[in-house]
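Numbered from 1 within each chain, the chains take letters A, B, ... in sequence-line order. Bear in mind the structure is a predicted one, so any value in this text is a computation, not a measurement.
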Number of protein chains: 2
Amino acid sequence: MAVLETTKTRAKAPAKRAPKQLSVELPLGQILDGDCVEAMRQIPSASIDLVFADPPYNLQLGGDLNRPDGSHVDAVTDDWDKFDTFKAYDDFTRDWLIEAKRILKPDGALWVIGSYHNIYRVGAILQDLGFWILNDIVWRKSNPMPNFRGTRFTNAHETLLWCSQGEKAKYHFNYRAMKTLNDELQMRSDWVLPICNGAERLKEGGHKVHPTQKPESLLYRVLLSTTEKGDVVLDPFFGTGTTGAVAKRLGREWIGCEREGVYRDAALKRIEKELPLDESALTTMQAGRSAPKVAFGALVENGYIAPGTRLFDKKRRWTATVRADGSLAYEKQTGSIHGLGKELQGAPSCNGWTFWHYENGGEVKPIDAARQLYLLAVED
Amino acid sequence: MAVLETTKTRAKAPAKRAPKQLSVELPLGQILDGDCVEAMRQIPSASIDLVFADPPYNLQLGGDLNRPDGSHVDAVTDDWDKFDTFKAYDDFTRDWLIEAKRILKPDGALWVIGSYHNIYRVGAILQDLGFWILNDIVWRKSNPMPNFRGTRFTNAHETLLWCSQGEKAKYHFNYRAMKTLNDELQMRSDWVLPICNGAERLKEGGHKVHPTQKPESLLYRVLLSTTEKGDVVLDPFFGTGTTGAVAKRLGREWIGCEREGVYRDAALKRIEKELPLDESALTTMQAGRSAPKVAFGALVENGYIAPGTRLFDKKRRWTATVRADGSLAYEKQTGSIHGLGKELQGAPSCNGWTFWHYENGGEVKPIDAARQLYLLAVED
DNA sequence: CTATCGACTGAATCTGGAT
DNA sequence: TATCCAGATTCAGTCGATA
């Protein structure tokens, strides 16, 4: 058993919310054998940063399914995916969600993935348990299996739910990292990713080891968006360990629960081979991630904006003067770049970085341009 | 009140399932005043082909929200979207779903649209009531409102559930029309459509009449995919009548329920102005809609494949002869293009159109190529 | 007449730390 | 718990005015 210091410095996690210097033993980098509810009972309360769950889908497939060319579709018919009634599936779902909620930190988060067969039940139950849905994410499959019989729309997506511990609970979202990943546009709730096949798909003797292996790109985005380096991620339905593999690569700690020995063996072998990204790659992500909190005063201190500089709004309705401490003065009013802009406009809020402009070499630029220059210099 | 003959000839509806020559009075082309559950009680059982419902989402919004430029976001704050608890919302949902199920024909279908705030509750409840989810459809908005605070993923989609009356119930799906609409690819479960704005958005004195008016393109696809001309469509949350307008355009009958007089008035005015597509346009759709069950015999009859032509599989394991009635002969075996292909391969099924090939001008082509030529000629 | 620019808007569960 | 205040934050599209 590894020993984990659960208290970490995290941007949005105030010290009062985190357990104080509580050393707890967590089975990091291990796959717990047996039923996931039993396994999770071994985990201390409020010790996990993220739970990612890919529970059985409760697929109610009828007879065999064949493609138009006669070949057989290898459907999910494993015993672990059989539930007699909605009631049985609901009970099962409630049980594991209750344990997941207990082991999560107050600012931890839950992800669940499912299809229309089960996700509506899972979603309603987790809301009943107090989880607060932050987004539902659509994984739009770029290469889904067609509907061979032409009886319905091609089932081309699956759904993920991202939840905090409750309505008022804190949570972590790496907004910048996601925006960067999406070519400087906000990341949307629909993600286009291919299904897991090719070299990534684990096979044994020509057959896929697990019927519903998830693509690593999916876990990559989940972990990058809602965890920090060093966070502990638990997957109650570990399967062949996609969560563990990506966690290891991204420098996150992981714990799995899995009943099937075949899956556990395959997962351990797979994760063993996985190499963590080196520090520099992770740091680059970190830089993209953390908010560039620059005080305007820092620009003045460092000579990017000289005291006495005249700042004005786009329409030059107001012209203010920069003071040595980084505050602005307009007639008798003074304040921060944000506060003064807000006052003058009578607006509920104002982003001073884009509101105020200055002249530089005959060019008019928002002061945000100076901030960018400063950031570039500081990051080197 | 109009009088409707509920028995119609419909491809997949066997006579035994439809009520026998039962004449019932339905308020076609009318908006029923008042609560939708009360209103639906006036509708006879098993008389409606399709229910499309856009219920309140129970958004549970907090305080005000401003855009980064300081402008105010006009949120949905109407009373009709306010529920005290999940329990209250669930009760409301169960009530209208029970009535919807009663008035639907045995082979009728239900569509519901919602967001993550409500759709998981709606989905679980309709499953509990025996509705059978056929697909969940993701409406991916091409122009959603951004997440102004950078706190979550852009909420860029809404979800629709398409359900039959039960696991074994029949339903209608215009596979061909959807495939045609999607450039000859199977229509997928994710639809990219813009939100409703511009000239389509109903306004009164510069303000939107309804806060959540749905785009007509969405209803167009719903009605075209799962109803026939002349079907009766009921919308329990009629609002400003998008369902009615599109139904009228597509030659479907419609019934609405709506409590708010302002919405009712706007809807009636709007639908009044709507013009039905003329018969020829609808017939063209009809042609696209019904399965292109081109009998292989028709190709033979019309000279696209001559009797006596030798057909063979790709690997030329078998070579069969086309007979005058469109059947094939291989040694002592005969059968349809599909049946014989299946027999020879010992496969559970076979698509004869792609299995069998013929030579034409030195080129080897699947007989599906001949079918395409035939379809092109017939459609003119 | 066209091109450009600015204002406006859409089902949104939309901050956080210090006092 | 309530209040205050510093700081951070938007995409696609329509429409009308201006050049």
- prompt: So which nucleotide from C:dA12, C:dA11, D:dA8 ends up closest to the side chain of A:Trp353?
  reply: D:dA8

field: Comparing A:Leu185 and B:Ala199 on DNA chain D - which has the more 5′ nearest nucleotide
entry: A:Leu185

- request: Could you give the distance separating C:dT13 and D:dA12 at their C1' atoms, to the nearest angstrom?
  value: 23 Å

task: Hey, can you tell me if A:Phe312 and A:His357 have their rings parallel, tilted or perpendicular (30° and 60° cut-offs)?
output: parallel

- line: Between B:Pro68 and B:Arg149, whichever has its closest DNA chain D nucleotide further toward 5' is B:Arg149

task: May I ask you to decide if B:Thr240's main-chain N or O and B:Arg270's side chain share a donor-acceptor pair within less than 3.5 Å?
output: yes

- prompt: Hey, are B:Asp90 and B:Lys87 close enough for a salt bridge, meaning a charged N less than 4.0 Å from a carboxylate O?
  reply: no

- line: Among the nucleotides C:dT13, D:dA8, D:dG13, whichever has the atom closest to the side chain of B:Ser142 is D:dG13

Of the listed nucleotides C:dT9, C:dA12, C:dG17, the one nearest the side chain of A:Lys170: C:dG17

statement: Closest to the side chain of B:Asp74, out of C:dA12, C:dG10, D:dT9, is C:dG10

field: Validation row, ring centre B:Trp191 to ring centre A:Phe153 under 6.0 Å
entry: yes

message: Nearest to the A:Gln186 side chain among D:dC15, D:dA8, D:dC11, which nucleotide is it?
response: D:dC11

- request: Assess whether atom CD of A:Glu359 is packed by more than 12 heavy atoms of other residues, nucleotides or ligands within 6.0 Å.
  value: yes

message: Let's see if you can work this out: which of C:dC14, D:dA12, C:dA12 has an atom nearest to the side-chain heavy atoms of B:Thr151?
response: C:dC14

- prompt: Within the structure shown, what part of the strands sits under 4.0 Å from B:Pro194 by heavy-atom distance: base, sugar-phosphate, or nothing?
  reply: nothing

field: Min side-chain heavy-atom separation A:Trp353-A:His338 under 4.5 Å
entry: yes

query: Quick one: does NZ or CZ of B:Arg121 land under 6.0 Å from the six-membered ring centre of B:Phe86, within 45 degrees of the ring axis?
result: yes

- request: Could you tell me whether B:Pro215 contacts a base, only the sugar-phosphate backbone, or nothing, with contacts defined as non-hydrogen atoms closer than 4.0 Å?
  value: nothing

message: Which nucleotide wins on minimum distance to the side chain of B:Arg67, given the candidates C:dT13, C:dA11, D:dT10?
response: D:dT10

message: Mind checking if B:Gly114 touches a base, just sugar-phosphate, or nothing, with heavy atoms under 4.0 Å?
response: nothing

message: Given a 3.5 Å cut-off on both pairing distances, which stems involving DNA chain C, each at least three consecutive Watson-Crick or G-U pairs, are present, if any?
response: C:2-10 with D:11-19, C:15-19 with D:2-6

- prompt: So what does B:Asp81 touch, heavy atoms closer than 4.0 Å: a base, only the sugar-phosphate, or nothing?
  reply: base

- request: Look at the side chain of B:Ala75 and decide which nucleotide, out of D:dG7, C:dT13, C:dA12, has an atom nearest to it.
  value: C:dA12

- prompt: Considering only side-chain heavy atoms of B:Asn147, which listed nucleotide, C:dC14, D:dT10, C:dA12, is closest?
  reply: C:dC14

- prompt: Nearest to the side chain of B:Pro146, which nucleotide is it out of D:dC11, C:dT15, C:dA12?
  reply: D:dC11

